[in-house]
Novice: 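Got a structure here, written out as structure tokens. Questions coming.
Lettering follows sequence order; numbering is per chain, from 1. Not measured: the values here are computed from a predicted model.
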2 protein chains.
Amino acid sequence: MMAAEKSGGRIPTIKDVAKAAGVSQATVSYVLNNLNKVSPEVDAHVRRVAHELGYSRNRAARALKTGRNNVIGCIMPSLLSPVFPEIAQAVQQRAEEHGFATFVIDSGLQTAAREAEAIRVLADHGVDGAIAVLGSPRPASDRPTLPLVVVDQPMDGMDAVYADHREGGRLLAEYAVGLGHRRVGLLSGLQGLYSSRERREGFVEAARGRLDIAWNVEVPLVPSLPQEAVDALRRGDVSLVVCVNDLIAMLALSALRQARVRVPEDVSVMGFDDMQWSSWPLLNLTTVRQPLGRLGRDAVDLLVRRLDAPDAEITNIILPVSLIERGST
Amino acid sequence: MMAAEKSGGRIPTIKDVAKAAGVSQATVSYVLNNLNKVSPEVDAHVRRVAHELGYSRNRAARALKTGRNNVIGCIMPSLLSPVFPEIAQAVQQRAEEHGFATFVIDSGLQTAAREAEAIRVLADHGVDGAIAVLGSPRPASDRPTLPLVVVDQPMDGMDAVYADHREGGRLLAEYAVGLGHRRVGLLSGLQGLYSSRERREGFVEAARGRLDIAWNVEVPLVPSLPQEAVDALRRGDVSLVVCVNDLIAMLALSALRQARVRVPEDVSVMGFDDMQWSSWPLLNLTTVRQPLGRLGRDAVDLLVRRLDAPDAEITNIILPVSLIERGST
DNA sequence: CGATTTGGTTTAAACGTGTAAATCGACCCT
DNA sequence: AGGGTCGATTTACACGTTTAAACCAAATCG
């Protein structure tokens with residue numbers, strides 16, 4: 001009742017507020033942008049009138065003028081894996097602290113084309129920048145015109161933040177040796193992905209001469225194991241299975257369960273990521289933790305910095321990882 | 001090289017294109033909006049020039065004129081539970097088919113305030129409408145000025161699409177009776193939530209006189225079980241535990257595992273949702289499937305219909321559910 | 001053959017905002 | 001008292017589009 005109605009149901013503009021308050025549009029604009037250019041009494045009055053009218057600034061118009069939308073994008077290859085939502089959540093929270101809203105986009109798994117598309121859509125829809133977990137090595141520089149912070153891998157000419165995957169692989173190997181394992185199997189990720197490659201190489205390097213890698217199956221990102229992997233697990237010729245990430249570890253646990261192989265009595269399993277569920281008793285997964293929250297937060301900080309200073313020098317942030325011992329080993 | 005540069009590095013506007021093509025802005029606009037108002041040869045020429053210049057329409061400006069942003073919001077109480085991402089993914093895909101981009105927002109679990117905030121943010125940021133899974137019963141009608149389609153529950157005066165939760169509860173009860181269970185425990189959801197309430201009531205109604213409900217613990221949405229629930233599970237005085245959703249079923253399985261209770265030998269477990277993981281051997285959960293994908297798709301269809309016809313009559317879509325038998329019973 | 005239609009194109013006015021520059025008073029100083 | 005300062009406010013233009021209305025030639029018609 002008190003609000004709206006005044007101008008015949010139309011949505012109020014700055015002009016309406018100005019008229020109602022008996023000042024100019026500029027004054028209203030100054031007030032609402034918190035530039036303290038106006039006297040306290042006028043300020044208060046304008047604010048009251050604006051509130052009474054239920055006025056809110058039109059984003060399109062202000063974006064048009066300022067070239068800023070205060071929206072950032074967050075491109076994730078999937079929301080179905082639990083890892084990415086954890087990052088996305090951190091991104092969103094930090095972005096909000098900076099006054100940005102977050103636009104989460106699921107770019108899907110068939111990397112190259114859809115990622116470029118996602119970037120294009122974001123740019124078309126006027127976001128200020130984006131943080132992205134990319135599958136493809138290069139971001140199809142078709143439209144380089146969108147400030148991007150890459151997460152989970154370094155990339156030429158771009159800000160990036162990622163965990164020390166190689167060190168994580170090393171930690172897993174050291175721990176396995178310490179536990180007295182000798183023959184191990186690897187469920188590695190697609191070697192086209194930086195993180196998968198690094199993790200595997202870190203492990204293999206540290207394992208050299210101390211662990212026998214009986215087999216090594218490359219598992220794609222889809223949430224099911226290839227038959228080859230299932231066969232390998234069934235073979236029972238290793239005392240430890242090292243997985244490129246917790247999701248695959250979970251699939252491995254599933255497959256082992258189905259094959260009636262006990263964990264950790266018959267075989268041990270290790271993962272990577274320490275996603276939220278890994279600590280649950282049902283999984284209870286020994287794993288390498290990468291600080292997913294910090295990954296997202298640091299990425300946002302980096303992006304905001306870049307938006308403020310487009311010519312700042314490129315920054316790479318490498319985050320530490322740590323081994324989490326649980327019941328699967 | 002061929003692109004840009006021409007106007008000194010500045011990002012090209014419609015004016016630049018017009019000048020370069022030797023026509024008026026209006027003509028360019030007509031061409032690029034696919035209104036066929038211009039002759040084929042001019043059309044082709046304008047397109048070529050626009051492409052050469054690397055021109056793309058400025059969203060802020062066109063939003064300013066048209067009042068349409070071609071963006072919809074998708075408000076989810078969490079992305080960490082696997083159910084919501086499944087819906088969100090469906091929403092995004094369908095929205096894209098309609099030419100809308102999707103803005104996923106994690107409203108968090110502490111319902112009321114943050115949901116209103118999410119709606120406000122979306123409205124402020126100029127989305128055309130939103131589809132929302134709400135925790136609170138009423139959407140804080142502070143700012144009703146955003147077309148909303150509610151998912152997972154009906155709501156006065158709004159389009160909604162949701163599964164037949166009550167029928168789902170009934171199915172669970174029938175199935176339990178058929179299996180010969182007698183004493184059951186309930187891990188129900190917050191009774192403030194429509195879906196939780198309906199599921200429980202459907203079950204209780206159909207169970208009346210045929211099943212004894214030994215206990216009933218209300219579990220909040222956080223991903224851990226309250227002590228009371230764990231104690232009840234440990235008591236071992238029931239042959240079946242019925243959970244309000246698969247995530248809680250998963251927690252229950254975890255707790256049972258920790259207590260060294262075997263499933264389904266010692267006790268059976270049933271869930272609700274049929275989220276992606278429930279079919280995995282590790283869980284292998286008997287559950288009621290609600291068509292998560294259709295939920296999202298229908299919601300989007302409803303929303304675009306409303307955007308095109310703001311005065312269309314309110315529609316409620318109720319989707320069927322079905323029982324999925326697996327190994328946990 | 002002049003008047004009317006028609007299709008293609010342009011002109012020009014919005015859309016709602018931000019902000020530099022101009023304006024306006026009130027106040028101070030010599 | 002008159003010129004100068006300074007702070008508060010307004011004027012007025014720009015941002016990049018869309019689109020109704022005007023325009024103009026060429027084709028059509030009575």
Side-chain angles (χ1 to χ4, degrees), chain A residues 4 7-8 10-47 49-50 53-71 99 123-126 128 145, chain B residues 4 6-8 10-47 49-50 53-71 99 123-128 145:
Chain A
S7 54
R10 237 189 55 263
I11 192 165
T13 77
I14 200 176
K15 192 176 285 184
D16 299 325
V17 177
K19 202 179 306 175
V23 300
S24 76
Q25 304 177 25
T27 302
V28 178
S29 178
Y30 288 139
V31 169
L32 269 47
N33 285 336
N34 297 318
L35 320 180
N36 22 2
K37 292 197 147 201
V38 311
S39 62
E41 46 273 27
V42 175
D43 183 294
H45 181 230
V46 167
R47 270 177 216 284
V49 171
L53 255 47
Y55 168 76
S56 93
R57 287 177 293 179
N58 178 314
R59 275 198 64 74
R62 80 191 313 243
L64 177 59
K65 267 311 270 187
T66 61
R68 273 274 185 115
N69 252 345
N70 280 17
V71 184
D124 275 4
H125 288 262
D128 298 320
T145 170
Chain B
K6 202 144 275 179
S7 54
R10 236 187 57 262
I11 191 165
T13 78
I14 199 176
K15 193 176 285 184
D16 298 327
V17 177
K19 201 177 309 173
V23 299
S24 76
Q25 305 177 25
T27 301
V28 177
S29 179
Y30 288 140
V31 169
L32 269 46
N33 285 337
N34 297 319
L35 320 180
N36 23 1
K37 294 196 147 202
V38 310
S39 61
E41 46 273 27
V42 175
D43 182 293
H45 180 229
V46 167
R47 271 179 216 283
V49 171
L53 256 46
Y55 169 75
S56 95
R57 287 176 294 179
N58 178 316
R59 277 198 62 75
R62 78 191 315 243
L64 176 58
K65 266 312 268 187
T66 62
R68 273 274 185 114
N69 252 347
N70 280 16
V71 184
D124 275 4
H125 287 262
V127 308
D128 299 318
T145 170

Novice: What is the separation between atom CG on A/N33 and atom P on C/dG18, rounded to the nearest whole Å?
Specialist: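 It works out to 4 Å between those atoms.
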
Novice: Calculate the interatomic distance between A/K15 atom NZ and D/dT10 atom P; express it in whole Å.
Specialist: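 To the nearest whole Å, that distance equals 15 Å.
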
Novice: Do the side-chain N or O atoms of B/T13 get closer than 4.0 angstrom to the phosphate oxygens (OP1, OP2) of D/dG16?
Specialist: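 B/T13 to D/dG16 OP1/OP2: no side-chain N or O under 4.0 Å.
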
Novice: Would you mind reading off the distance between B/K37 atom NZ and D/dA20 atom P, rounded to a whole angstrom?
Specialist: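 Those two atoms, NZ and P, are 7 Å apart.
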
Novice: To the side chain of B/I14, which of D/dT17, C/dA12, D/dT9 is closest?
Specialist: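 Between D/dT17, C/dA12, D/dT9, the one nearest the side chain of B/I14 would be D/dT17.
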
Novice: Mind calculating the distance between NZ (B/K65) and P (D/dT18) to the nearest angstrom?
Specialist: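 Computing the B/K65:NZ to D/dT18:P distance gives 10 Å.
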
Novice: Report the C-alpha separation of B/V46 and B/V38 in whole Å, then their side-chain angles, then the decisive distance to 0.1 Å, and conclude whether the side-chain contact (heavy atoms from CB on, under 4.5 Å) test is met.
Specialist: CA-CA 10 Å; B/V46 167; B/V38 310; over 6 Å; no

Novice: Between A/R62 and C/dG18, is there a side-chain N or O to OP1/OP2 distance below 4.0 Å?
Specialist: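 Answer is yes, contact under 4.0 Å.
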
Novice: Which heavy atom of B/P12 sits nearest to which heavy atom of B/G54, and what is that distance?
Specialist: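 Closest heavy-atom pair between B/P12 and B/G54: CG-O, 4.0 Å.
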
Novice: Give every donor-acceptor pair under 3.5 Å between a side-chain atom in residues 27-36 of chain A and any protein atom, sequence neighbours left out.
Specialist:
{"residue": "A/T27", "atom": "OG1", "partner": "A/S24", "partner atom": "OG", "Å": "3.2"}
{"residue": "A/N33", "atom": "OD1", "partner": "A/R57", "partner atom": "NH1", "Å": "2.3"}
{"residue": "A/N33", "atom": "OD1", "partner": "A/R62", "partner atom": "NH2", "Å": "3.2"}
{"residue": "A/N33", "atom": "ND2", "partner": "A/S29", "partner atom": "O", "Å": "3.4"}
{"residue": "A/N34", "atom": "OD1", "partner": "A/R47", "partner atom": "NH2", "Å": "3.2"}

Novice: Would the distance check show the side chain of B/D128 and the main-chain N or O of B/N70 forming a donor-acceptor pair, the cut-off being under 3.5 Å?
Specialist: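 Present.
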
Novice: Can you give me the closest heavy-atom contact between B/A21 and B/H45, atom names plus distance?
Specialist: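 Answer, listing the atom of B/A21 first, then B/H45: O-CE1, 3.3 Å.
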
Novice: List the atom of A/V42, the atom of A/V23, and the distance in Å for their closest heavy-atom pair.
Specialist: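 Heavy-atom minimum between the residues: CG1-CG1, 4.3 Å.
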
Novice: Taking only the side-chain nitrogens and oxygens of B/T66, find out if one of them lies under 4.0 Å from OP1 or OP2 of D/dT18.
Specialist: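 So the side chain of B/T66 is outside the cut-off, no N or O lying under 4.0 Å from OP1 or OP2 of D/dT18.
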
Novice: Find the distance between CD1 (B/I11) and CG (B/L53) and round it off to the nearest 0.5 Å.
Specialist: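 Between atom CD1 of B/I11 and atom CG of B/L53 there are 11.0 Å.
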
Novice: Does C/dC15 have OP1 or OP2 under 4.0 Å away from a side-chain N or O of A/N58?
Specialist: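 No, outside the criterion.
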
Novice: If you find the nucleotide of DNA chain C closest to B/V42 and the one closest to B/A61, which residue's nucleotide is nearer the 5' end?
Specialist: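 Its nearest nucleotide being more 5', the pick is B/V42.
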
Novice: Report for the helix from C/dC1-D/dG30 to C/dT30-D/dA1: angle between first-end and last-end helix axes, five pairs each, rounded to 10 degrees.
Specialist: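 Inter-axis angle at the ends, rounded: 60°.
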
Novice: With a 4.0 Å cutoff (strictly under), does any side-chain N or O of A/Y30 reach OP1 or OP2 of C/dA20?
Specialist: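 Checking C/dA20 against A/Y30, no side-chain N or O comes under 4.0 Å of OP1 or OP2.
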
Novice: Respond yes when some side-chain nitrogen or oxygen of B/T27 is under 4.0 Å from OP1 or OP2 of C/dT10, and no when none is.
Specialist: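 Yes, B/T27 has a side-chain N/O under 4.0 Å of OP1/OP2 on C/dT10.
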
Novice: Does some side-chain heavy atom of A/I14 sit less than 4.5 Å from a side-chain heavy atom of A/Y55?
Specialist: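 A/Y55 reaches A/I14 side chain to side chain.
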
Novice: Just the rounded figure in Å: distance from P of D/dG16 to CG of B/L32.
Specialist: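 It is 16 Å, rounded to the nearest whole Å.
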
Novice: So, does A/S39 get its side chain near the phosphate of D/dT9, meaning an N or O under 4.0 Å from OP1 or OP2?
Specialist: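 Yes, within the criterion.
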
Novice: Distance check needed: C/dG16 C1' versus A/Y55 OH, whole Å only.
Specialist: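 Spelled out: OH on A/Y55 to C1' on C/dG16 is 7 Å.
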
Novice: How long is the line joining CG of B/L64 and P of C/dA14, in whole Å?
Specialist: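 About 14 Å, once rounded to whole Å.
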
Novice: Can you see if the side chain of A/S29 gets near the phosphate of C/dT17 - specifically, an N or O under 4.0 Å from OP1 or OP2?
Specialist: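 It does not, given that no N or O in the side chain of A/S29 lies less than 4.0 Å from OP1 or OP2 of C/dT17.
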
Novice: Figure out the CD/P separation between B/Q25 and C/dT11, and round it to whole Å.
Specialist: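 In whole Å, C/dT11 P lies 10 Å from B/Q25 CD.
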
